[in-house]
Amino acid sequence: MTASPSPSAPLRLLAVHAHPDDESSKGAATMAMYAASGVDVLVATCTDGSRGDIQNPAMEGQPHPKRDMAGARRLEMDAAAKVLGIRQRWLGFVDSGLPEGDPLPALPPGCFALQPLEKAAAPLVRLVRDFKPHVILSYDENGGYPHPDHIMAHRVAVEAFAAAGDPARYQGIGEPWEPSKLYYDRAFSPDRFRALHTALEAAGLQSPYAERLAAWLEADAEGHTPPPPTHPTTTQIECGDFFEARDDALRSHRTQVDPEGFFFAVSAAMQRRTWPWEDYSLIESRIPVETPEKDLFAGLR
Ligand SMILES: [Zn+2]
């Protein structure tokens with residue numbers, strides 16, 4: 001059952017994401033690079049994104065997202081998948097929304113984050129058994145940032161990695177398949193922001209990261225050093241040639257991404273010169289590996 005691809009069978013990569021647009025802000029260039037090199041890349045999107053707010057001022061007042069946000073986001077997702085050259089599947093859950101206010105309101109009934117784990121993970125287990133990925137990408141325990149759907153996406157990815165190969169679990173939904181490696185993305189790695197910030201200052205340009213970095217330093221001054229990363233970078237994927245594709249995919253999510261915003265503050269060319277990688281932490285491997293790695297499929301080729 002453990003993955004041992006024959007030379008003719010392609011390697012397969014499955015990325016588990018909470019909402020349509022997360023695949024384009026976390027690991028998109030990695031996925032585009034692997035897809036271009038012949039790897040079968042599939043994104044599993046847990047929720048419909050129906051509770052997302054419009055983040056792009058140019059899309060305010062547009063009738064389609066106003067009437068049917070989930071429908072608008074399906075079209076955006078299709079466009080992003082085309083740009084990245086990947087396939088995508090919906091797991092069918094309803095967006096939980098990001099609770100705001102003090103005290104925080106209760107999550108809406110029926111949403112993804114309120115599902116019992118076995119129910120939330122079942123569609124992903126089915127997909128893993130059907131697609132047979134060698135590698136699964138997910139978020140860390142904090143979901144990258146603490147949106148309830150991101151935390152739930154993390155939990156179902158870990159559950160599917162652990163259980164999909166076990167014939168005693170999730171019976172009746174496909175033949176067991178055991179993926180070989182599980183990674184968490186480190187898209188918001190402080191090392192990367194620090195490097196980009198330094199490069200911008202050296203070029204005499206304004207850094208959009210000053211505030212973020214100052215917040216970390218301020219925490220230092222008060223004696224609360226920012227916590228060290230729970231999961232260090234083990235694996236850097238060189239994918240700078242696909243930064244433009246990543247940016248185009250992000251812009252495809254027109255309701256969610258401001259084309260004048262944070263993600264586009266530094267040109268793809270400068271990012272390529274400064275930090276041409278996307279970073280990952282290898283969490284579990286069922287095959288022998290040596291870190292650091294430069295390939296998510298190291299040990300599988
Ligand atoms: Zn999200």
Side-chain angles (χ1 to χ4, degrees), residues 14-32 41-56 59 65 68-81 83-84 86 88-101 104-105 107-108 110-115 117 120-121 123-124 127 136-160 183-189 212 231 246-259 261-264 278-281:
L14 174 66
V16 181
H17 286 288
H19 307 108
D21 77 350
D22 288 314
E23 83 296 328
S24 293
S25 59
K26 291 170 271 293
T30 301
M31 291 193 288
V41 180
L42 180 65
V43 164
T45 311
C46 295
T47 77
D48 58 0
S50 53
R51 289 197 168 88
D53 294 324
I54 291 182
Q55 310 279 357
N56 176 2
M59 293 297 288
D68 174 19
M69 179 57 92
R73 295 188 73 174
R74 276 196 295 278
L75 298 178
E76 295 174 354
M77 185 64 241
D78 287 349
V83 169
L84 297 175
I86 60 159
Q88 183 263 353
R89 292 284 178 278
W90 300 96
L91 296 184
F93 293 98
V94 176
D95 193 338
S96 308
L98 181 62
E100 283 172 308
L104 287 176
L107 291 173
C111 71
F112 180 50
L114 288 180
Q115 302 299 317
L117 181 60
L124 184 61
L127 186 66
I136 294 184
L137 300 181
S138 174
Y139 314 142
D140 67 17
E141 296 79 356
N142 299 312
Y145 88 117
H147 188 299
D149 286 333
H150 285 231
I151 292 167
M152 194 51 141
H154 154 79
R155 293 181 64 208
V156 301
V158 170
E159 171 78 353
Y183 291 90
Y184 295 164
D185 82 73
R186 302 207 66 231
F188 297 95
S189 139
R212 189 177 276 245
H231 307 291
R246 175 201 60 194
D247 289 355
D248 287 347
L250 262 172
R251 276 188 287 264
S252 302
H253 292 284
R254 293 168 65 203
T255 60
Q256 301 302 307
V257 176
D258 178 357
F262 175 81
F263 285 113
F264 308 103
E278 287 182 338
D279 302 341
Y280 298 88
S281 196

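Worth knowing before you read on, the calculation uses all heavy atoms, side chains too, and leaves out hydrogens, waters and symmetry mates. Here, residue 1 is the first one in the sequence, and each next residue gets the next number. Order of appearance sets the numbers: ligands from 1, and atoms from 1 within every ligand.
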Q.
Applying salt bridge (charged side-chain N to carboxylate O under 4.0 Å, His left out), can you list everything that pairs with Asp140, at least two apart in sequence or on another chain?
A.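 Partners of Asp140 under the salt bridge (charged side-chain N to carboxylate O under 4.0 Å, His left out) test: none.
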
Q: Using salt bridge (charged side-chain N to carboxylate O under 4.0 Å, His left out) as the criterion, point out the one residue from Asp22, Asp48, Asp21 that pairs with Arg73.
A: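 The single option meeting the salt bridge (charged side-chain N to carboxylate O under 4.0 Å, His left out) with Arg73 is Asp21.
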
Q | Residues in ring pair (Phe, Tyr, Trp, His ring centres under 6.0 Å) contact with His147, at least two apart in sequence or another chain | A |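 Partners of His147 by the ring pair (Phe, Tyr, Trp, His ring centres under 6.0 Å) criterion, ordered by chain and then number, come out as His19, His150.
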
Q: State which residues pass ring pair (Phe, Tyr, Trp, His ring centres under 6.0 Å) with Tyr183; sequence neighbours excluded, sorted by chain then number.
A: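 Scan of Tyr183 (ring pair (Phe, Tyr, Trp, His ring centres under 6.0 Å), adjacent residues dropped) gives none.
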
Q.
Closer than 3.5 angstrom, by distance alone: can the side chain of Gln115 be matched with the main-chain N or O of Gly110 as a donor-acceptor pair?
A.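 The answer is yes, because a donor-acceptor pair under 3.5 Å joins these two groups.
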
Q) side-chain contact (heavy atoms from CB on, under 4.5 Å) with Cys46: which of Asp95, Asp149, Leu124, Val16? A)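 With Cys46 as partner, side-chain contact (heavy atoms from CB on, under 4.5 Å) holds for just one option, Val16.
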
Q | Distance filter under 2.8 Å, centred on the Zn ion (ligand 1) - protein N, O or S atoms that pass it | A |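 Listed by chain and number, the atoms are His19 ND1, Asp22 OD1, Asp22 OD2, His150 NE2.
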
